[in-house]
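First the proteins, then the strands, lettered A, B, ... as listed; each starts at 1.
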Amino acid sequence: MSSTPMQEQYQPADIERAAQSFWAAKGSFRAVEDPARQKFYCLSMFPYPSGKLHMGHVRNYTIGDVLTRHHRMKGLNVLQPMGWDAFGLPAENAAMANKVPPAKWTRDNIAYMKRQLQGLGFALDWERELATCDASYYKWNQWLFTRLFRKGLAYKKTGVVNWDPVDQTVLANEQVIEGRGWRTGAVVEKREIPMYFFRITAYAEELLSALDGLPGWPEQVKLMQKNWIGRSEGVKIGFPYELAGEKRTLWVFTTRADTLMGATFCAVAAEHPIATHAAKTNPELAAFVEECKHGAVMEAELAQIEKKGMPTGIFVTHPLTGAKLEVWVGNYVLMGYGEGAVMGVPAHDERDYAFAHKYGLAIPCVIRHPAGDGVPLPWNPAYAEHGTCMNSGKYDGLDFQQAVDAIAADLQAKGLGEKQVQWRLRDWGISRQRYWGCPIPIIHCPACGDVPVPDAELPVVLPDNLVPDGTGNPLAKLPSFYECKCPSCGRPARRETDTMDTFVDSSWYFARFASAGSTDAMVDERARYWMAVDQYIGGIEHAILHLLYSRFFQRAMRDEGLIPDIAEPFTNLLTQGMVLAESYHLDNREGRREWVHPSEVDVERDARGRITAARRRSDGAEVTYGGIGTMSKSKNNGVDPQALIEKYGADTARFFIIFASPPTHTLEWSDEGVEGSYRFLRRLWAYALKYSGRRPQSGQADRAARHEVHSILKQANYDMQRHQFNTVASACMKILNALDRLPDPANPAAAEGFSILLRLLSPITPHVCHHLWTALGFGPDIMQAPWPEPDPAALEQDEIEYVVQVNGKTRGIVRVPKSADRKAIEVSAVQSMQKYVAGQAVRKVIVVPGRLVNLVL
RNA sequence: GCCGGAAUGGCGGAAUUGGUAGACGCAGCGGACUCAAAAUCCGCCGCCCCUAAAGCGUGUGGGUUCGAGUCCCACUUCCGGCACCA
């Protein structure tokens with residue numbers, strides 16, 4: 001072994017620059033398709049280029065990098081690419097604030113953030129970089145859109161949006177604050193406008209059933225998707241009525257057809273034709289309908305508003321009894337869900353129960369439920385449980401399934417109902433009345449209607465020099481963009497000015513990385529090698545929408561003949577927790593809350609280390625602890641990764657973020673913790689220095705040390721495989737502690753142990769491990785070294801420790817020879833516990849092999 | 001409101017299937033080195049208690065078990081999502 005002289009001090013800046021140059025010169029991270037090798041496609045969710053990296057990014061990409069480097073050393077052919085989710089609202093907001101076009105702002109941000117990612121030493125193949133605002137990328141959004149449009153999988157219908165009447169513009173949900181526009185303060189209205197939708201519901205059944213074929217996804221995420229798709233079996237029921245002399249039917253869907261005999265009213269959405277009709281002659285109702293149309297579009301808000309209703313004076317006929325039921329308008333009925341109407345069964349539905357009590361409607365009990373035969377106040381959840389029918393005429397005595405079957409059959413015979421499967425999942429509205437996004441490739445022709453832009457004219461390029469002003473989409477004010485000729489008839493036509501939801505961009509970028517730069521196809525044959533993504537990593541906040549849309553897109557692409565044998569884009573999914581930080585504030589003279597950055601706060605502690613007071617360093621003002629929460633500008637508690645990297649180096653930042661918490665947990669930031677990680681890397685350096693000065697020695701390796709190192713390694717490999725990287729980091733610390741304790745640093749166990757340590761640690765802190773590996777003469781490139789595996793011989797032990805319990809309480813330990821049988825273990829356990837046994841009979845002895853003995857007295 | 005999670009010392013966390021609760025680290029306390037400080041090294045560190053023994057202890061209240069942080073039931077608080085933030 002040869003070794004080169006080492007510097008006394010650990011100087012991360014030099015080491016990291018040198019390691020990064022080494023990797024760049026060697027092209028270490030370039031991914032090349034090789035059918036002879038097993039591939040591993042590792043992908044972290046690409047970032048929105050908001051300006052600079054935040055801790056969530058650093059965490060996400062460090063987790064991905066640990067996995068990437070580990071699999072590389074395991075011998076797999078690894079692809080880890082990076083790109084930019086570059087379209088979106090923040091660029092428009094920045095443009096308004098700074099009068100800079102979103103394109104320029106975005107490109108500048110990308111350039112800065114790319115340098116940051118490179119400085120962190122991530123093993124990324126930059127040759128595959130993409131930005132969704134590149135016309136070469138979004139061209140294929142448009143291309144696929146036109147294909148789906150021709151198949152009817154993309155179609156136009158109306159959708160509800162938030163409308164700011166002052167700025168005359170559509171607002172995103174986050175731009176509506178307490179029902180008012182964020183810039184104007186005007187009360188927001190609901191407005192129905194034409195939009196394009198993707199028919200994701202056509203894939204509902206497959207998206208649901210295929211979840212069972214995803215063992216590599218967290219159960220939690222699969223359950224959320226399952227509930228979101230929301231398959232329910234029920235019955236579609238028709239209530240006939242007459243309106244303006246015309247015979248019509250009000251259709252409702254219910255999963256509780258067994259309660260139909262208890263229906264006492266129907267409720268419709270404010271937008272329902274019955275409501276509109278009745279409002280014409282009823283000013284009070286018209287006012288109520290108008291009220292319902294204001295306010296929340298968001299389901300979360302809708303679900304919490306007080307349930308209100310008003311009768312329409314229009315009656316429908318009960319399909320089985322012929323009774324007249326009045327139709328109400330309810331503010332809780334959604335037009336976009338089902339038929340926009342529900343039947344009201346007050347006795348067996350909590351919402352209907354409250355509604356009926358409020359408006360004095362009858363509440364007949366028709367199900368014998370676990371709490372009895374009546375439904376006295378207050379509401380009891382048992383009222384909604386399944387039971388046998390009562391007060392239901394010919395259906396009395398039937399159980400849930402029998403009643404549903406019988407009622408569905410009777411309805412079907414009358415042509416007033418049938419069994420139906422309903423989905424909670426709605427089609428995906430992709431139109432956005434915004435500038436900074438991918439133009440929807442449609443031309444509106446007065447003669448031919450909506451005509452998709454022909455392939456030869458794609459992409460429809462977004463002009464990149466506009467600055468939005470908050471009063472609607474600037475594209476709609478730009479004749480040079482929207483004036484065009486109909487591709488079909490050649491007459492003057494108008495180009496669509498809406499752009500696509502940015503979720504469209506991010507629904508297939510993973511496939512594009514696998515075909516980077518392809519000019520004549522959305523994806524090419526290289527995608528067949530790399531897809532699907534073997535390991536996808538990203539925030540739990542994307543558990544439903546992004547992941548579901550991507551699963552839909554992969555199928556839509558499959559059915560276009562692209563990557564035909566792959567339906568699921570992500571084989572394994574790791575959902576990381578958020579990064580949180582402490583916050584502190586003081587209330588100033590005007591009573592306004594002033595947030596003080598945690599780094600500006602000095603904390604006083606008692607003898608035990610408990611916090612007793614906190615003061616601002618600059619002036620000693622007492623500040624209040626504001627609890628732990630997401631890092632945000634408004635709370636002034638963001639930690640800038642760049643400052644951290646400059647102070648301690650990338651390896652310390654990476655180590656701390658891995659060590660502080662398991663990847664799936666939320667991570668609470670602490671500056672003190674960073675110091676501890678830096679200390680560990682300095683200790684590692686100091687040990688390497690000591691080690692490099694050793695005299696080469698042969699002879700017997702220290703058996704105890706080998707046993708310890710290999711036991712730790714065994715556990716660490718298990719933890720690595722289950723993605724619990726924080727304990728892998730702990731394992732590295734433990735190995736260093738063990739090596740440091742060796743009485744003779746020149747013992748052969750030290751060389752072996754240190755070589756294991758460097759390789760185990762290298763995915764987490766690649767720069768320092770790369771440096772030490774070559775400096776100490778272990779080899780030319782640690783990334784080419786094999787992943788360490790424990791030696792079974794080193795794991796063997798002559799004696800085994802047993803925990804001894806008496807009546808389930810731990811009282812001591814006995815050591816027995818490895819060869820001891822059950823009887824011998826029992827005897828030594830009883831002997832060691834004479835003090836507790838003291839002549840009493842031992843009634844039972846439980847022996848857990850290799851672990852524990854419990855004496856039951 | 002609905003759906004999905006989480007809760008363990010002063011703090012982050014560990015405990016593979018029910019089997020020594022608190023690994024590893026941070027903070028704190030005591031000591032060594034130093035003119036001093038930083039850095040480094042050594043020791044202590046769940047609560048109760050003068051100490052030891054005993055006892056108590058994994059958000060709360062019940063239960064199952066020889067044995068529960070881990071399983072079951074009921075609850076509390078916090079976090080994520082709810083379809084136009086990404």
What distance, rounded to whole Å, do you find between the two [atom1] atoms, one in [N] and one in [M]?
| N | M | atom1 | answer |
| --- | --- | --- | --- |
| B:rA23 | B:rU16 | C1' | 15 Å |
| B:rA38 | B:rA27 | P | 13 Å |
| B:rC2 | B:rC71 | P | 24 Å |
| B:rU58 | B:rC50 | P | 24 Å |
| B:rG13 | B:rC66 | P | 35 Å |
| B:rA21 | B:rC56 | P | 13 Å |
| B:rG1 | B:rC47 | C1' | 41 Å |
| B:rG46 | B:rG62 | P | 27 Å |

Atom pair distance, as rounded to whole Å: [atom1] in [X] and [atom2] in [N]:
| X | N | atom1 | atom2 | answer |
| --- | --- | --- | --- | --- |
| A:L223 | B:rG81 | CG | C1' | 13 Å |
| A:L852 | B:rA15 | CG | P | 19 Å |
| A:M733 | B:rA23 | CE | P | 14 Å |
| A:N726 | B:rC11 | CG | P | 18 Å |
| A:Y802 | B:rU20 | OH | C1' | 14 Å |
| A:N737 | B:rA23 | CG | P | 13 Å |
| A:K690 | B:rU40 | NZ | P | 15 Å |
| A:M224 | B:rG81 | CE | P | 10 Å |

Aromatic ring pairing A:F552/A:F198, orientation class (parallel under 30°, perpendicular over 60°, tilted between): tilted

Geometric class of the A:H546/A:Y509 ring pair [parallel <30°, tilted 30-60°, perpendicular >60°]: tilted

Touch class at under 4.0 angstrom, heavy-atom based, for A:V176 against every strand present: nothing

Touch class at under 4.0 angstrom, heavy-atom based, for A:R424 against every strand present: base

A:K157 to A:F197 six-membered ring, cation-pi geometry met (6.0 Å, 45°): yes

Please determine, for the side chain of [X], which listed nucleotide ([options]) has the closest atom?
| X | options | result |
| --- | --- | --- |
| A:S730 | B:rU20, B:rC24, B:rC82 | B:rC24 |
| A:Q724 | B:rG67, B:rA15, B:rA86 | B:rA15 |
| A:L545 | B:rU16, B:rA39, B:rA86 | B:rA86 |
| A:L89 | B:rU17, B:rC85, B:rC24 | B:rC85 |
| A:A172 | B:rA21, B:rC26, B:rC85 | B:rC85 |
| A:T810 | B:rC41, B:rG12, B:rA21 | B:rA21 |
| A:T727 | B:rC41, B:rA23, B:rU20 | B:rA23 |
| A:I846 | B:rC85, B:rC66, B:rG25 | B:rC66 |
| A:Q304 | B:rG1, B:rG55, B:rG13 | B:rG1 |
| A:R679 | B:rA21, B:rU40, B:rC84 | B:rU40 |

Would you call [X]-[Y] a salt bridge at under 4.0 Å N-O?
| X | Y | result |
| --- | --- | --- |
| A:R851 | A:E801 | no |
| A:E826 | A:R822 | yes |
| A:D498 | A:R434 | no |

Any N or O donor-acceptor pair under 3.5 Å from the base of [N] to the side chain of [X]?
| X | N | result |
| --- | --- | --- |
| A:Q805 | B:rG19 | yes |
| A:N227 | B:rC3 | no |
| A:E174 | B:rC84 | no |
| A:R843 | B:rC66 | no |

Does [X] put a side-chain nitrogen or oxygen below 4.0 Å from OP1 or OP2 of [N]?
| X | N | value |
| --- | --- | --- |
| A:R432 | B:rC84 | yes |
| A:R682 | B:rU40 | yes |
| A:Y549 | B:rA86 | no |
| A:S661 | B:rG12 | no |

Whichever of A:G676 and A:E299 has its nearest RNA chain B nucleotide further upstream toward 5': A:G676

Stepwise salt bridge (Lys or Arg N to Asp or Glu O under 4.0 Å) check, A:E675 with A:R682: CA-CA 11 Å; A:E675 284 284 351; A:R682 284 202 311 263; 5.1 Å; no

Donor-acceptor contact below 3.5 Å, side chain A:W84 vs main chain A:N109: no

Spatial distance of atom OH (A:Y678) from atom NZ (A:K647) [nearest 0.5 Å]: 9.5 Å

In B:rG9, glycosidic geometry as syn within 90° of 0 or anti otherwise: syn

Greater than 12 external heavy atoms within 6.0 Å of A:Q9's CD: no

Paired stretches of RNA chain B - 3 or more consecutive Watson-Crick or G-U pairs, each distance under 3.5 Å: B:1-7 with B:76-82, B:10-12 with B:24-26, B:28-32 with B:40-44, B:59-63 with B:71-75

